[in-house]
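Scroll down for the structure; my scribbles are underneath it.
Each residue takes its place number in the sequence, starting with 1. Nothing here was measured: the structure is a model prediction, and the numbers come from that model.
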Amino acid sequence: MTLTKQELESKLWQAADILRGQIDAADYKNHIFSILFLKRLSDRFNEEVENAVESGVTREVALTDQDEHEFFVPESARWSEITGATMSLGEALNVASHAIEEANPRLDGVLAATNWNDESKLGSPANRERIIRSLLNHFGDLDLSDENLRRDASGGGDVLGDAYEYLINRFADDAGKKGGEFYTPRSVVRLIVELLQPGEGMRICDPTAGSGGMLIYAAQYVREQGGDYRNLALHGQERNLGTLAIGKLNLLLHGLRAGRLEAGDVIAEPGLVDSSGRLLSYDRVIANPPFSLKNWGHDFAPNDPYHRFDRYGAIPPRTRGDLAFLLHMLGVTNAQGMVGVVMPHGILFRGGAEGKIRRGIVDADLFEAVIGLAPNLFFGASIPVAICVLNKAKPVERRGKVLFVDSAQEGYFRSGKAQNFIDPEHIGKIVEAYRNFEDVERFAHVADIEEIQGNDFNLNISRYVDTTEPVEVMPVEEALAQLSEAERRRDEAVARMDELLTEMGYAR
């Protein structure tokens, strides 16, 4: 029987229980993910050995010839060797991780980023041995071969990839504020992807890739539309090395072998460049950059060799890097490309340098839609945010216009106790409004450039979408009739009061 998604999800979360209380919730994801991947690589390696032997290859060749394997697992890194290690288990895992990366350059930085002998994470040697042995025993009875993970004839890896996404979601929830650093709610990701409609053969980039969810969902969308997701160029960059390793693992576990994730600060050290050192360009650029990042690189910006920050009238302010990321995204979008980015509302109305940049982008007719989302959608961030869609090749009928959508109101999200949610039905309403690109009372408004200019280039959604309930205006005739009736009843009441006063001897 094949391993089901629910069974694997339960197994992975039980692994988290082994670490819970031992180390910080924001840290133990790395340990579970790396040991999960070690088991996956080992099981797949053994499966490839048996397949090669069945096809006539000798067992010795199947065990030693790297050409027989997608990822070669050296003997010291195979599961049986790790679990039977005579050295400390932490050291055995470290040796295995380095050996696999050395044998498979594509896996550089995926496994060795987790140090299994780190006392600050797993405590004393005795405690480390106990925890690691528990994890090895826990995963030991799992068969993570392709055959056991295969959901249908479309190929293996789906169950493992989906369960991995589930665990990332749960980790973000468990880690609280820190979880938001590597996880964007999948409903928000799905919404942006559906707005951008990536297609087969496109080059797609997430410059702040986190755990790689936006790239993965872009590939899934292409597959759902009947396209071949394998010919997508999926690129990203992430400066947090631990999160980068998770992103690489995430792509691999979803079968996206050709994905490219680079390390480093995308503002100061853009890593996605060609052989001549020029920035690569993309058809779709999608991101959820850090909100209002301080020390984003303002001093560096005026001398940026790629001239990303001086094209629209000003350089972003020193203590708020929101528009720096947006300018980078525009800088790597090709002439036919689109940008979909999550931004705090402040970039829509703040003045100073941000106001000048906003005006420059509006004048260039790049904003296509500004979509306000409900608050409390993100882990550790309660502020309301907006999705900004920018298009360098607007359809003729949309030129000189911007669509404003207010989905931060009842009917367009689901309220939760500590967090709000966007369900598929809400995504459908928002996407439909974007596709139709027309006014919808108290929900959407298409503003032309003249209207935006009249608002001094302020893009605050409330200036364009009036969500107040309409006040019913009574016809004059009906109002006069009601007034006349009220006066008649008043006169009757006065007359009756006078009668009572007279009977009591208080004549007026």
Side-chain angles (χ1 to χ4, degrees), residues 184 188-209 213-225 227 229 231-237 266 270 272 279-289 308 311-312 322-343 347-348 357-358 360-373 385-405 407 427 430-438 444 446-447 449 452 459:
T184 301
V188 176
V189 176
R190 183 75 192 188
L191 172 57
I192 300 176
V193 168
E194 291 201 19
L195 292 170
L196 294 186
Q197 291 184 287
E200 184 177 336
M202 284 189 175
R203 298 168 56 84
I204 303 171
C205 176
D206 181 350
T208 56
M214 290 193 172
L215 298 176
I216 289 166
Y217 270 65
Q220 289 182 354
Y221 177 84
V222 171
R223 181 169 58 182
E224 289 168 4
Q225 302 305 310
Y229 68 95
N231 67 5
L232 292 170
L234 300 174
H235 293 178
Q237 186 161 345
V266 73
L272 296 167
L279 290 174
L280 294 173
S281 61
Y282 298 91
D283 302 288
R284 298 290 185 270
V285 185
I286 177 171
N288 173 25
R308 291 168 291 169
R311 299 181 181 183
Y312 297 100
D322 303 302
L323 287 180
F325 288 101
L326 179 56
L327 292 178
H328 168 81
M329 295 175 74
L330 287 172
V332 298
T333 302
N334 64 32
Q336 301 299 314
M338 297 175 66
V339 170
V341 60
V342 180
M343 285 275 139
I347 70 111
L348 302 176
I357 295 169
R358 190 169 58 248
I361 297 175
V362 171
D363 283 340
D365 198 15
L366 296 179
F367 277 108
E368 185 169 38
V370 178
I371 301 168
L373 301 182
V385 298
I387 293 174
C388 295
V389 178
L390 298 96
N391 192 343
K392 288 192 173 181
K394 282 186 179 182
V396 174
E397 65 275 12
R398 296 189 179 189
R399 292 176 187 171
K401 301 174 183 178
V402 180
L403 173 71
F404 293 87
V405 176
S407 63
I427 293 175
I430 297 169
V431 172
E432 181 182 15
Y434 173 74
R435 298 275 183 269
N436 293 338
F437 212 80
E438 59 188 18
V446 178
I449 296 299
I452 295 173
L459 301 182

* To do: Applying salt bridge (Lys or Arg N to Asp or Glu O under 4.0 Å), name anything that partners Glu224, two or more places apart in sequence or on another chain.
  => Arg190
* Nearest heavy atoms of Leu403 and Val446, plus distance in Å -> CD1-CG2, 3.8 Å
* Give, for atom CE of Met329 and atom CG of Leu323, the distance between the pair rounded to the nearest 0.5 Å. => 12.0 Å
* To do: Would you give the length of the straight line joining atom CE of Met338 to atom CE of Met202, rounded to the nearest 0.5 angstrom?
  => 9.0 Å
* All salt bridge (Lys or Arg N to Asp or Glu O under 4.0 Å) counterparts of Arg311, not counting sequence neighbours -> none
* Asked: Going by heavy atoms in the side chains, are Leu330 and Ile361 under 4.5 Å from each other?
  -> yes
* Asked: Quick one: CG on Leu215 to CD1 on Ile286, what's the gap to the nearest 0.5 Å?
  -> 8.0 Å
* **All salt bridge (Lys or Arg N to Asp or Glu O under 4.0 Å) counterparts of Lys394, not counting sequence neighbours** => Asp365
* Look up atom CD in Gln336 and atom CG in Asp283, then write down how far apart they are to the nearest 0.5 Å. => 9.0 Å
* Structure fact -> Residues Leu348 and Ala386: closest non-hydrogen pair is CD1-CB, 4.3 Å
* **Minimal non-hydrogen separation, Val370 against Phe367, with atom names** => CG2-CD2, 4.3 Å
* Structure fact -> Output for pair (Ile204 CD1, Met214 CE), nearest 0.5 Å, gives 12.5 Å
* Backbone N or O of Thr333 within a donor-acceptor pair of the Lys392 side chain at under 3.5 Å? -> yes
* **Closest non-hydrogen atom pair, Cys205 against Leu272** => SG-CD1, 3.7 Å
* Atom pair CZ/CG of Arg203 and Leu232 - distance to nearest 0.5 Å -> 11.0 Å
* Over all atoms of both residues, closest heavy-atom pair of His328 and Pro270 -> CE1-CB, 4.4 Å
* **Test side-chain hydrogen bond (donor to acceptor under 3.5 Å, both in side chains) applied to Asn334 and Ser281, step by step** => CA-CA 5 Å; Asn334 64 32; Ser281 61; 4.9 Å; no
* Structure fact -> Taking every heavy atom of Asn391 against every heavy atom of Gly337, the minimum-distance pair comes out as OD1-O, 3.6 Å
* Would you say Asn231's side chain and Gly201's backbone share a donor-acceptor pair under 3.5 angstrom? -> yes
* To do: Would you please say whether a donor-acceptor pair under 3.5 Å links the side chains of Glu368 and Tyr434?
  => yes
* To do: Mind running side chain to side chain contact (heavy atoms under 4.5 Å, CB included) on Tyr217 and Val222 for me, showing each step along the way?
  => CA-CA 9 Å; Tyr217 270 65; Val222 171; over 6 Å; no
